[in-house]
Structure formats: C-alpha cells, structure tokens
Amino acid sequence: MGDIYPYVVKQLGCNPEDILHIGDNYKSDVLNSKGNGLLSYFYEKSRDRAINSYWFNKEKFHKLINNNKCLNSSFYLATIINQYYCDPQDNQTSDEEDFWYNFGFKNVGILFLSFMNWLLDATTKDGIDKIFFLSRDGYIMHKVYYLLAGYRDNTPRADYMYASRRALNIPSIFELNDVAMNFLASGTSILTVSQFLERINIDPNQYRQEIQSAGFIDSNQEVKTKEDYINLNKLYKLLSSEIRQLACSERINLLNYLKSIGLLDKKRIAIVDIGWNGTMQYSLSTMLKKNQKNIEIKGYYFGTLIQAQQKRKQGMDISSYLIDLGKPKYYKNLVKLCLPFLEFIHAAPHGSVHNYACIGQEVKPVLDEHDLSLQDRKKALLIQKGALEFISQYQKYIQNYPFIKPLKKMATQPLYRVIKNPTLYEAEKLGDIEHSESFGNINDKRYIAKPPTDIPLLLLRFDKLFSSFKSAYWRKGYIKRLLANIYSF
C-alpha cells in the first residue's frame with residue numbers, strides 16, 4: 001500500500017519531507033504517507049465529524065443509514081452537515097440563544113417534518129374538508145403544515161382553532177355523570193377546594209355551607225386523600241345546578257365561536273393536536289351531537305395513550321402518528337421519558353383558552369395568562385425558529401425527490417438521544433424549563449429536571465432526596481445533574 005508516494009517524490013524531484021499530503025482517509029492519506037516520509041494532515045470528513053459528535057447516537061444512526069432506504073437519512077444528515085460541520089474550525093458555540101436555535105434545527109425540525117408529512121398524506125387520503133389545529137400545541141404544527149403544503153397540490157385547507165380542555169369540556173357537560181366528574185376533579189397537582197371551584201368560575205365564598213356539608217373544614221383545605229376526593233365529588237353534586245347552568249352559558253358562546261370559524265358549515269373535518277387522551281375531540285363531538293350538529297370529526301394526533309381506548313370504543317375516529325393507544329413500546333418509552341418537554345417544543349406564544357365571550361359583535365376566546373415565563377417562551381420560540389429553518393433547507397434539497405419522506409425512527413432518534421442520554425450541558429439547559437399543569441387560571445409549576453443544590457442536607461435526608469427525584473418530570477436529566485452536583489461537591 002502507498003506505492004504512489006515514491007512515484008510522486010521521484011516525479012517532483014524533491015525530498016519526501018518537503019511534501020505535505022492532505023486527505024480524509026486516515027489509513028491511506030496519513031499512515032501510508034507518513035510511512036513514506038511525507039508530512040501529512042488529516043482532514044476529517046464533514047460527515048464523520050457530524051456522526052461522531054455528541055448530538056446523535058452513532059450506533060443507531062449507522063443502522064439507519066445502512067438500510068435500504070438510506071437516502072432519507074442521507075438528506076437529513078446533509079442538512080445538518082451543511083449548517084454546522086463543513087467548517088473544521090467551527091467550535092459549536094454554547095451561546096444561550098444559539099443553544100435553543102441549534103437544538104431546534106438539529107433535533108426538533110426533523111420530527112415536526114415527519115409528523116406533518118404523515119398528516120398531509122393521511123388527511124388527503126381521508127378526504128377531509130378542512131383541518132383545525134387546536135391551540136396551543138397546534139400553533140407550530142399549523143406553521144409547519146403550510147410550509148410543507150406549498151410543495152404539494154390539493155391539500156386540505158387548515159385553520160388555527162382556539163381551544164383547551166377547559167374551554168371545550170365545560171360546555172359539553174349536560175349532566176354530572178362519571179365523565180364530567182372525572183374531568184372536574186382531574187389533575188395531579190395538589191389543589192385547595194377553593195382552587196377546584198375557581199378554575200370552573202364558581203366563587204367559593206358563595207358556597208361555604210355546601211363546602212362544609214360536603215365534609216371540608218373550609219375552602220382552603222387541600223384535596224389530597226381518597227376521602228378528600230370523595231368529598232369533592234359530593235361538593236360537585238351539591239353544586240350540580242350551578243355547574244349545569246355555567247355549562248349552558250358557555251355552550252352558547254362556544255357554538256357561536258365554532259360558527260364564526262366555519263366549523264359548523266362542514267361535514268367532515270379534522271382536528272389536530274399533540275394528543276394523549278383525545279379529551280377535546282370527545283367533548284367537541286358530544287356537544288355537537290347533543291345540539292343536532294351532524295359533523296364527522298376525525299382526530300389526528302402526535303400520539304395517544306391507552307386512556308383513549310375507551311373513546312375509540314365509543315365511536316371516536318382517531319389516528320396517531322407516533323404511538324397509538326400507547327403502542328409501540330419503543331415510542332411510548334420516548335414519550336414517557338419526558339412528556340412535558342414534548343409539549344414544550346409545541347408551545348404557543350399565547351395563554352390557554354379559558355372560555356369564549358361576546359366582545360362587541362363577535363365571540364372571541366378569552367385567554368388566561370401564559371403559564372410559561374417570558375424567558376421560557378423565548379426558548380420555545382427559538383427552538384421552533386431553528387426547526388422551521390431546518391425544514392426550509394431540507395425541503396430545498398429534496399425538491400427534485402418528492403418521494404423522499406423522513407422515516408419515523410430516524411425522525412425521533414435525535415430527540416430520543418437527548419432525552420435518554422443528555423450531556424450535562426443539555427440536562428442543565430432543558431432541566432431549567434418550568435412545566436405547568438394548568439386548568440383554567442390555576443397553574444402548578446415545577447422544573448422539568450432541577451435537583452436541589454444543598455447536597456449535604458439531601459444526603460442526610462434521603463426522604464427529601466427521593467421526594468425531589470419523584471417530583472421531577474425528566475428523571476434522566478435530573479440524575480445527570482444530581483450526580484454532577486455530588487461529584488463537584
């Protein structure tokens with residue numbers, strides 16, 4: 001091997017050490033040239049720099065690009081390489097804004113792209129008249145949809161619809177059955193009796209007697225135990241008339257809002273949401289049927305959990321992109337690892353819809369204050385900006401290859417790597433995001449993965465450490481940060 005080097009030296013009539021050989025193959029360009037006395041410089045391939053970097057699972061990626069559909073992966077990798085890895089002097093800056101933008105470009109854009117390609121194929125095939133992207137998760141989906149629809153013909157028209165679980169579920173209450181009661185008492189946050197009532201616009205000060213009759217000391221008592229929840233259901237039954245009156249009033253405004261956005265004029269519509277339980281589709285369908293509105297609604301979701309199975313049995317038409325009723329297990333694990341972060345990358349710039357109200361001559365959504373801090377909203381916006389830029393560049397590369405669409409496994413792999421095995425820097429950045437479990441104007445905020453910094457106290461009080469760990473939404477990131485704190489201590 002390397003027989004060409006003596007020939008080159010002879011032809012040039014110089015000493016071997018006067019020649020610098022530059023190449024991207026370490027064996028032939030570096031070792032063989034050095035073996036023949038030449039100076040050498042190894043220029044790592046941009047593709048290898050990308051695959052060997054921290055942002056991708058090298059082993060799994062090789063499996064993907066070596067299958068029969070490797071062209072899909074090649075275009076994805078080329079988009080990342082052209083943006084980040086063609087300059088060998090690029091030091092991958094960790095500037096605050098760059099981190100979030102780059103995170104969206106490298107890890108999130110391909111997922112949005114794959115999901116919306118699936119949606120475009122499905123809704124076109126199903127003959128949908130119109131698509132409604134439900135707020136707030138549908139905000140970025142709507143943007144991606146129209147970005148991709150521009151490359152296709154005859155795609156269904158799509159609009160953004162202001163909605164929330166509270167705004168749709170309350171108007172769907174015609175009686176206090178099990179479905180209504182479960183919704184009214186839903187959530188994992190510990191709330192007071194007052195907060196449970198306030199989030200459905202019932203003033204607890206007007207019903208002190210009913211609160212005590214239900215078994216509570218007063219409206220400030222926290223609802224924590226099984227007995228507390230039994231008493232909460234008793235309270236809702238005592239307030240049944242008020243709740244049904246509230247639902248009726250909100251239902252009138254909701255129907256007027258749906259009319260104003262053209263939903264009531266259609267025969268077959270699609271609603272699109274991140275998903276999980278299909279609650280909003282169920283409430284919307286129930287309310288429309290009770291009001292003799294014969295509209296077919298099909299739900300298209302990023303994913304659905306097993307809890308949606310009952311709704312499908314009751315006739316709801318549901319399609320899911322990533323997981324369907326919690327399957328397959330591989331993708332369910334991705335969702336379980338950090339569901340709040342998946343919701344964060346779909347964040348909208350506005351607050352949740354509380355209800356609908358007549359404002360002048362129009363019915364408009366009434367929005368609660370945003371449950372994310374201004375700082376976290378900026379982070380989500382930067383992630384989405386990077387993701388949209390990735391999609392724009394990717395689509396330009398494949399415009400002559402319309403058959404190319406990202407494989408689901410490839411599209412989820414970058415984000416899966418981050419969530420399952422983050423770098424410490426990623427764990428710190430992402431772990432400092434606050435997730436809010438909100439219902440109406442009641443919010444319970446917790447960091448996704450931020451362990452306490454008082455390590456000596458935590459090591460002495462294992463119960464507090466365990467409680468802190470259990471409350472973390474993203475436990476992989478939490479452990480990464482905790483171990484780093486202990487090690488540095």
Side-chain angles (χ1 to χ4, degrees), residues 1-95 97-110 113 386-387 389-401 404 406-407 410-411 413-414 417-418 421-426:
M1 298 293 291
D3 294 342
I4 193 173
Y5 295 112
Y7 175 80
V8 170
V9 170
K10 182 177 179 181
Q11 290 296 313
L12 293 177
C14 63
N15 295 320
E17 60 270 21
D18 294 330
I19 301 174
L20 173 63
H21 181 74
I22 301 173
D24 60 13
N25 187 298
Y26 190 77
K27 182 177 180 181
S28 61
D29 295 326
V30 177
L31 296 181
N32 288 341
S33 62
K34 281 185 176 180
N36 285 276
L38 281 71
L39 299 177
S40 64
Y41 179 83
F42 177 58
Y43 187 95
E44 188 178 15
K45 294 178 183 177
S46 299
R47 180 177 180 279
D48 290 341
R49 290 184 66 227
I51 294 176
N52 290 327
S53 67
Y54 75 91
W55 65 273
F56 216 88
N57 185 310
K58 181 179 177 182
E59 179 183 351
K60 290 185 178 180
F61 185 74
H62 275 304
K63 290 179 181 178
L64 289 170
I65 64 176
N66 287 331
N67 66 21
N68 293 329
K69 298 180 181 179
C70 64
L71 198 57
N72 294 274
S73 302
S74 295
F75 273 101
Y76 165 61
L77 186 58
T79 307
I80 301 296
I81 289 171
N82 289 342
Q83 180 77 359
Y84 294 102
Y85 295 97
C86 287
D87 182 2
Q89 302 304 315
D90 182 13
N91 61 5
Q92 300 297 298
T93 176
S94 60
D95 178 77
E97 288 196 2
D98 283 350
F99 171 83
W100 299 105
Y101 177 89
N102 294 342
F103 190 90
F105 193 101
K106 291 180 178 180
N107 303 300
V108 178
I110 190 67
L113 176 65
E389 180 58 28
F390 168 86
I391 294 169
S392 296
Q393 292 189 26
Y394 182 95
Q395 288 300 117
K396 290 177 183 177
Y397 296 144
I398 67 162
Q399 58 185 336
N400 294 323
Y401 308 91
I404 292 178
L407 301 171
M410 181 199 71
Q413 179 55 218
R417 194 281 307 162
V418 174
N421 187 28
T423 65
L424 178 58
Y425 187 66
E426 288 170 337

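A quick note: this is a predicted structure, and the numbers were derived from the prediction, not measured.
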- [ ] Nearest 0.5 Å please: distance from the CD atom of Gln395 over to the CZ atom of Phe390.
- [x] 9.0 Å
Task: Listed partners of Ile22 passing side-chain contact (heavy atoms from CB on, under 4.5 Å), at least two apart - done: Leu20, Tyr41, Tyr43
Open item on the list: Looking at every heavy atom in both Pro414 and Ile110, which two are closest together, and how far apart are they?
Closed with: CG-CG2, 4.2 Å
Open item on the list: List the residues meeting side chain to side chain donor-acceptor pair (under 3.5 Å) with Glu389, not counting sequence neighbours, and say none if there are none.
Closed with: Gln393
Open item on the list: Return the CG to OG1 distance between Leu113 and Thr79, rounded to the nearest 0.5 Å.
Closed with: 9.0 Å
Task: Reference residue Phe105; test ring pair (Phe, Tyr, Trp, His ring centres under 6.0 Å); the match among Tyr84, Trp100, Tyr76 - done: Tyr84
Task: Considering all heavy atoms, the nearest Glu17-Leu39 contact - done: O-CD1, 3.5 Å
Open item on the list: Rounded at 0.5 Å granularity, tell me how far OH in Tyr394 sits from CG in Asn82.
Closed with: 13.0 Å
Task: Note, Tyr5 side chain near Ile19 side chain (heavy atom, < 4.5 Å) - done: no
Task: Between NZ on residue Lys396 and CD1 on residue Ile391, distance to nearest 0.5 Å - done: 13.0 Å
Task: Rounded distance (nearest 0.5 Å) linking atom CD of Glu426 with atom CZ of Arg417 - done: 4.0 Å
Task: Side chain proximity check, Asn36 to Val9, heavy atoms < 4.5 angstrom - done: no
Open item on the list: Quick check: do Gln83 and Asn102 have side-chain heavy atoms less than 4.5 Å from each other?
Closed with: no
Open item on the list: My understanding is that only residues two or more places apart in sequence, or in another chain, count here; which of them pass side-chain contact (heavy atoms from CB on, under 4.5 Å) with Val30?
Closed with: Tyr26, Lys34, Ser40, Phe42
Task: Straight-line distance of Phe75 CZ to Ile80 CD1, nearest 0.5 Å - done: 14.5 Å
Open item on the list: Going by the rule ring-ring contact (aromatic ring centres under 6.0 Å, His included), which residues pair with Tyr397 if we only count those two or more places apart in sequence or in a different chain?
Closed with: none
- [ ] Output all residues satisfying side chain to side chain donor-acceptor pair (under 3.5 Å) with Asn25, sequence neighbours left out; order by chain, then residue number.
- [x] Ser28
